[in-house]
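Presented below is the structure to which this report refers.
A, B, ... follow the sequence lines: proteins, then strands. Residue 1 opens every chain. Remember, it's a predicted structure, so these values are computed and weren't measured experimentally.
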Number of protein chains: 2
Amino acid sequence: MNTSELLKGTLTTIILKLLADNGKMYGYEITQKVKELSGDKILVKEGSLYPALHKLLSDGLVEVETVNIGKRVRKYYYLTPQGQVRKQAQFKELQEFLQTMQHMLFPSLNPQMP
Amino acid sequence: MNTSELLKGTLTTIILKLLADNGKMYGYEITQKVKELSGDKILVKEGSLYPALHKLLSDGLVEVETVNIGKRVRKYYYLTPQGQVRKQAQFKELQEFLQTMQHMLFPSLNPQMP
DNA sequence: TTTTAGTACATAGCTATACAATGTATTAAA
DNA sequence: TTTAATACATTGTATAGCTATGTACTAAAA
């Protein structure tokens, strides 16, 4: 097992969260932000990111705005209203999951389950 | 997305942890313990559990002791020395991952990354 | 006494998802 | 001028948990 297995199911939520926080972001920017926020511990690969973004797009959770930077293309992604709703739901679910795992694995730190 | 996606990469670690804590356990017992410890939030399915246990067995991380309870068969699993080593490593990795996720998603609660 | 729920094992096939490897192209720094 | 960084993308692969299904015993409820 390596961290990438643990990341499963969380990447989409991370993307939605970052877009919610920052308004709009482009792919490469997302990878760098995740790297920064995680203290270099989580490195999102292109082979994970772009398929995930395309899926969000086809699901109508994000929309894209293409910008030309010189001769280079940048695609800014931002949440749709549905995307914002979904973000809330997934964020909460992930939050609860993380807490449940904490309770299960380190019960000493969190004495009583609600 | 449902919780099962989030569980990926964590199930084996949970099993190793439970066996380390309880000495030996059988499959059904593990499912019930996880259910209990997680406050009914994580329900390990047979289709997940038994393949995971068989993998641990073939990897030499656990061994099995078959016990007859009346006419019913019970298979108690317990950690091998390698299993104990692996448990430590995976447990630490999961712990760090959970913390990293907390820092990423709820930075307000955990101000500074080390 | 029959039915239901619970206990206890197991497997075949499915699906989702992150990754490795690879590719194209521009730009800035060494 | 070569290297590293920026910026997009796709193909194929592996992993792992799930659904559905199956067998069989036991205890409680109807």
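Comparing C/dA18, D/dC8, D/dT19 by their nearest atom to the side chain of B/Lys45 picks out D/dT19. In this structure, the nucleotide among D/dA9, C/dT27, C/dC19 sitting nearest to the side chain of A/Lys75 is D/dA9. Minimum atom distance to the side chain of B/Arg74 is reached by C/dA8, of the listed D/dT10, C/dC19, C/dA8. Taking only side-chain atoms of B/Tyr26, from C-beta outward, the nucleotide of D/dC8, C/dA8, C/dA10 with the closest atom is C/dA8.
One hydrophobic cluster, built from ILVMFWY side chains closer than 4.5 Å, cannot hold both A/Leu49 and A/Leu43; they sit in different ones.
Nucleic acid contact for B/Glu29: none, since no nucleic acid atom lies under 4.0 Å from a heavy atom of the residue. Heavy atoms of B/Gly27 sit under 4.0 angstrom from primed sugar atoms or phosphate atoms, though from no base atom.
Where A/Leu43 and B/Val73 meet DNA chain C, the nucleotide closest to each residue was compared, and B/Val73 sits on the side nearer the 5' end.
A/Tyr77 places its OH atom 10 Å from the C1' atom of D/dA9, with the value rounded to the nearest Å. Taking atom CD1 on B/Ile69 and atom C1' on D/dA27, their separation rounds to 15 Å, with Å as the unit. Look at CG on B/Leu7: it is 17 Å from P on C/dA16, rounded to the nearest Å. What separates CD1 of B/Ile30 from P of C/dA10 is a distance of 11 Å, to the nearest Å.
The side chain of A/Lys71 places no N or O atom within less than 4.0 Å of a non-bridging phosphate oxygen (OP1 or OP2) of D/dA7. Proximity of A/His54 to the phosphate of D/dT10: a side-chain N or O atom is located under 4.0 Å from OP1 or OP2. One finds no side-chain N or O of A/Lys8 lying less than 4.0 angstrom from the OP1 or OP2 phosphate oxygen of D/dG17. Considering only side-chain N and O atoms, B/Tyr50 lies under 4.0 angstrom from the phosphate OP1 or OP2 of C/dC9.
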Derivation of the side-chain contact (heavy atoms from CB on, under 4.5 Å) call for B/Gln102 and A/Gln102: CA-CA 11 Å; B/Gln102 296 276 4; A/Gln102 298 277 4; 3.7 Å; yes

B/Glu65 and B/Lys24: CA distance, side-chain angles, deciding distance, salt bridge (Lys or Arg N to Asp or Glu O under 4.0 Å) verdict: CA-CA 9 Å; B/Glu65 187 187 73; B/Lys24 59 176 186 168; 3.4 Å; yes

Worked check of salt bridge (Lys or Arg N to Asp or Glu O under 4.0 Å) between A/Glu96 and B/Lys41: CA-CA 9 Å; A/Glu96 284 174 2; B/Lys41 294 214 182 83; over 6 Å; no

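Of the residues B/Leu37, B/Leu7, B/Thr10, the one that meets the side chain to side chain contact (heavy atoms under 4.5 Å, CB included) test with B/Ile42 is B/Leu7.
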